Novice: 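Take a look at the following structure, please.
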Amino acid sequence: MFYVTTAIDYTNGSPHIGHAYEKVMADVIARYHRLRGDEVFFLTGVDQHGQKVQQTAEKEGISPEEFVKRTTQKFSDLWEKLGVEYDGWAETVDERHKHCVRTILTELKDQGQLYKKAHAGSYSVRQEQFLQDRDRDEAGNFGPEWGEVVEIEEENWYFKLSDHTDWLKSFIENQPDLIIPAFRKSELLNALEKNSGIDLCISRPKERLRWGIEFPFDENYVTYVWFDALINYISFAGYKSLADSGLPDFKTIWSDRPVHIIGKDILIPAHGIYWLCMLRAMGFSESQMPRLLVHGWWNIRGEKMAKSTGNVVDPSALVDQFGVEAVRYYLVRDIVTGKDSDFDMDRLVMLFNTELANEVGNLCNRALNMSQRFTGGILHHGGPLTEDDLALQKSLANSLSEYRTAMDDFDLSKGLEALSRHIVHCNQYAERMKPWTLNKDPDQKDRVATILYHLAESLAHATVLISPILPAAAEKLAAQLNFPVLTTLKLADLHWGLLPDGHEIGLPLPIFPRIVSQDA
Ligand code: MSP
């Protein structure tokens, strides 16, 4: 089973383009794996507990329950609007999740992995954690990333993280595909060095925070939001679930190493340290450890997106303005997996207009329109093949193999570049072959049919390859090609000759209408 998850989004605000990127990226990866023929389970959802939610709800004068219900809806509505299709939906207020968290807490306590102790120290309200000296900046202060820092003393429950960090260090060092891209590995190892010997505080006294999962063996405490949230990856996959929960069978879902898609800000310490150690403490073996696919951030004019400065892009408004295809395409096309990128509306328009409206649109128009006009909508494999025809077939084979390698490596923009190159080759082939001129010569009918077949067949392949990224557009393309096998066809089935001799194609309808810039 290819099990892929995203981070679960905080429900203390509205989704922005960064959240949308991660979900679209996961959706593309899930769809690509289905196209590869893999069994796929795609889980996403929302992180609903914690101090931030409690505070924002208080400010709005409503209960946290009501508040998260409202904000959760904004996220799920957006995923629907963006065509993000998941198999599992995680909400941390779900009783089934709470049951799993409580079961894990009880088991870890029984195994001696949890203990209670008093601690006095500096506490970051924003990050909801005690700070250590290592968290101070060079001037000895706690930087702005920690927000308000207060001095408190309290008794709490701790998880023996330090029992697992030596193991983690060698595991990270010896596992080539634990962290993707690999350049993040050294950051993680450095952080681990700083963390050694420190245990993780996993409870919050109720007098300070009520909005969380109550400890099963100590009713005065709720669970630390990260300990709760990370468990979503297993709770909603059926781990320790009750028989009638309606959740999937855990062994089936977690049969291979899952892929957790996360942003670079939550690799350290949450996923790269806490989560891997938590799993080990629960008895997960090395071969069951997830892979962490760490993506970069979308910034705006080089600046971090922040609600406080109004520096955010609303994905829903973007879809209203440019359409879902333009937004999905841009979000995976203009960022290299693992790196940051600058969100740029002009590039969104430019990439849509050049690569989709012009190039795919042109190929579609040529293949379908000319076939309708010159061969009555019927495709013929035609006469003997020329070097140009063979070169086009070769270019398709090359693009397909580059696409596969890139997509297997989660390098989505590279996959799209490979596809784009093929479309450009097709249009150049059409320009060189000039079927519209040849058609005037009755002796060239066979040659015209061969050329048109090459264009339509190439378009059929492109339709399959683009389907994980633009599923709705791919369906429309397939309908025009009268190529109904899109949903059942697998990547391995792609061979020259998908469209049989005598195949009747449909009429071209515009699928990617050019975006006319407002100031044009
Ligand atoms: N709730 C935690 C995750 C818990 S996972 C067990 C959280 N939520 S978040 O809403 O702040 O972020 C959700 C995801 O969105 C994270 O992976 C984060 O990296 C990603 N992004 C948030 N801002 C982003 C950008 N500007 N660009 C790209 N992704 C960004 O962290």
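Read the numbers this way: they start at 1 and go in the same order the structure lists the ligands and their atoms. Just so we're clear, the structure is a prediction, and the values are computed from it rather than from any experiment.
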Novice: So which pairs with a foot in residues 258-283 pass salt bridge (charged side-chain N to carboxylate O under 4.0 Å, His left out), sequence neighbours left out?
Specialist: Lys264-Asp340
Novice: Only pairs under 3.5 Å count here: list side-chain donor-acceptor contacts from residues 266-278, not counting sequence neighbours, and write none if there are none.
Specialist:
from, atom 1, to, atom 2, distance (Å)
His271, ND1, Ile266, O, 2.9
His271, NE2, Tyr233, OH, 2.7
Trp275, NE1, His260, NE2, 3.1

Novice: If we ignore angles and hydrogens, is there a donor and acceptor under 3.5 Å between the side chains of Thr11 and Gln48?
Specialist: no
Novice: Answer yes when Arg102 and Glu214 have at least one side-chain N-carboxylate O distance shorter than 4.0 Å, and no when they do not.
Specialist: no
Novice: Does anything in residues 282-296 pair up under salt bridge (charged side-chain N to carboxylate O under 4.0 Å, His left out), and if so which pairs, sequence neighbours excluded?
Specialist: none
Novice: Check the orientation of Trp254 and Phe284. Use parallel for under 30°, tilted for 30 to 60°, and perpendicular for over 60°.
Specialist: perpendicular
Novice: For ligand 1, list the protein residues that place a heavy atom within a distance below 4.0 Å of one of its atoms, sorted by chain and number.
Specialist: Ala7, Ile8, Asp9, Tyr10, His16, Gly18, His19, Glu22, Asp47, Trp226, Ala229, Leu230, Asn232, Tyr233, Ile262, Gly263, Asp265, Ile266, His271, His295, Gly296, Trp297, Trp298, Met305
